[in-house]
J.: 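The structure's right below; bear with me while I get my questions together.
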Amino acid sequence: PMQQQKRQPELVEGNLPVFVFPTELIFYADDQSTHKQVLTLYNPYEFALKFKVLCTTPNKYVVVDATGAVKPQCCVDIVIRHRDVRASYYGVIDKFRLQVSEQSQRKALGKKEIIATLLPSAKEQQQQKEEEEKQIKEHLAESVFFEQTLCQP
């Protein structure tokens, strides 16, 4: 029995890497299809994991199956719905914490934070991104121009 116990890796509290995708959720007020999103929790380990989803603002979200289990080398989808879409929440960053523990143990072996943001519009976001890219390109063009003019003897 001693030998067997040695082979078992020591599971230190809070140290187990947690694999979840994505690690950031963006909800768009004007796009209903984004009001429901899915987190996928992967369990690459040889043992089953229990999980629990905590949130800094539980009144704003519905987490379908906020607790559950993942079999070894499997994954599970956790559905998160934004249920309070209003302008005063735009840009506010909320956090979810996904805690995992081994089936037989009470202590959390690992945790991962996921951030969630509500934005007014996917379209606006797209325009903003394009605007930023344009500025960066112009800026690059300028700096290249400066370098060329500087190099002239």
J.: Where do Pro72 and Ala48 come nearest, in terms of heavy atoms and distance?
T.: CG-N, 3.7 Å

J.: What I'd like to find out is whether the side chain of Phe51 reaches to under 4.5 Å of the side chain of Thr67, using heavy atoms alone.
T.: no

J.: With side chains defined as the heavy atoms from C-beta onward, is the minimum distance between Ile26 and Leu119 less than 4.5 Å?
T.: yes

J.: Rounded to the nearest 0.5 Å, what separates atom CD in Glu130 from atom CD in Gln135?
T.: 12.5 Å

J.: Is the shortest side-chain heavy-atom distance between Arg97 and Val53 below 4.5 Å?
T.: no

J.: Ile80 and Val62: side-chain contact (heavy atoms from CB on, under 4.5 Å), yes or no, with the steps?
T.: CA-CA 6 Å; Ile80 293 178; Val62 178; over 6 Å; no

J.: Determine, stepwise, if the pair Asp31 / Ser33 fulfils side chain to side chain donor-acceptor pair (under 3.5 Å).
T.: CA-CA 5 Å; Asp31 183 354; Ser33 68; 2.7 Å; yes

J.: List the steps, then state whether side-chain contact (heavy atoms from CB on, under 4.5 Å) holds for Val63 with Leu39.
T.: CA-CA 10 Å; Val63 181; Leu39 286 177; over 6 Å; no

J.: Would a hydrophobic clustering, with Ile, Leu, Val, Met, Phe, Trp and Tyr connected at side-chain separations under 4.5 Å, put Phe47 with Leu98?
T.: yes

J.: Return the minimal non-hydrogen interatomic distance between Asp30 and Ala122, and the atom names on each side.
T.: OD1-N, 3.4 Å

J.: Can a donor-acceptor pair be found, under 3.5 Å and without considering hydrogens, that links the side chain of Thr56 to the backbone of Lys95?
T.: yes

J.: Say you draw a straight line from CG of Asp94 to OG1 of Thr57; how long is it, rounded to the nearest 0.5 Å?
T.: 3.0 Å

J.: List the atom of Leu118, the atom of Arg86, and the distance in Å for their closest heavy-atom pair.
T.: CD2-O, 3.7 Å

J.: Any link between Phe21 and Val70 through a network of hydrophobic side chains (Ile, Leu, Val, Met, Phe, Trp, Tyr) touching at under 4.5 Å?
T.: yes

J.: Sort and list the pairs that fulfil ring-ring contact (aromatic ring centres under 6.0 Å, His included) and have at least one residue in residues 86-129, not counting sequence neighbours.
T.: Tyr61-Phe96

J.: Which atom pair, heavy atoms only, marks the closest approach of Val92 to Lys60?
T.: CG1-NZ, 4.0 Å

J.: Are His35 and Phe27 close enough that their ring centres sit under 6.0 Å apart?
T.: no

J.: State, to 0.1 Å, how close Arg83 and Pro58 come at their nearest heavy-atom pair, and which atoms those are.
T.: NH2-O, 3.9 Å

J.: Name all pairs fulfilling the side chain to side chain donor-acceptor pair (under 3.5 Å) condition that reach into residues 42-52, sequence neighbours left out, sorted by first residue then second.
T.: Glu46-Gln73

J.: Tyr28: which residues meet the ring pair (Phe, Tyr, Trp, His ring centres under 6.0 Å) condition with it, sequence neighbours left out?
T.: none

J.: Dump the intermediate steps for side-chain contact (heavy atoms from CB on, under 4.5 Å) on Val18 and Leu41, then the final yes or no.
T.: CA-CA 8 Å; Val18 176; Leu41 172 64; 3.8 Å; yes

J.: Decide yes or no for Leu25 and Ile114: does some side-chain heavy atom of the first lie under 4.5 Å from some side-chain heavy atom of the second?
T.: yes

J.: About how many Å separate NZ of Lys111 and CG of Leu16, when rounded to the nearest 0.5 Å?
T.: 11.5 Å

J.: If I compare all heavy atoms of Val85 with all of Ala29, which pair ends up nearest, and what's the gap?
T.: CG1-CB, 3.6 Å

J.: Supply the atom-to-atom distance Glu113 CD to Thr23 OG1, rounded to the nearest 0.5 angstrom.
T.: 11.0 Å

J.: So, taking the atom named CG in Asp84 and the one named CG in Asn59, what distance separates them when rounded to the nearest 0.5 Å?
T.: 7.0 Å

J.: Working note: Leu54 + Gln99, criterion side-chain contact (heavy atoms from CB on, under 4.5 Å); need CA distance, chi angles, decisive distance, verdict.
T.: CA-CA 8 Å; Leu54 309 168; Gln99 284 188 343; 3.9 Å; yes

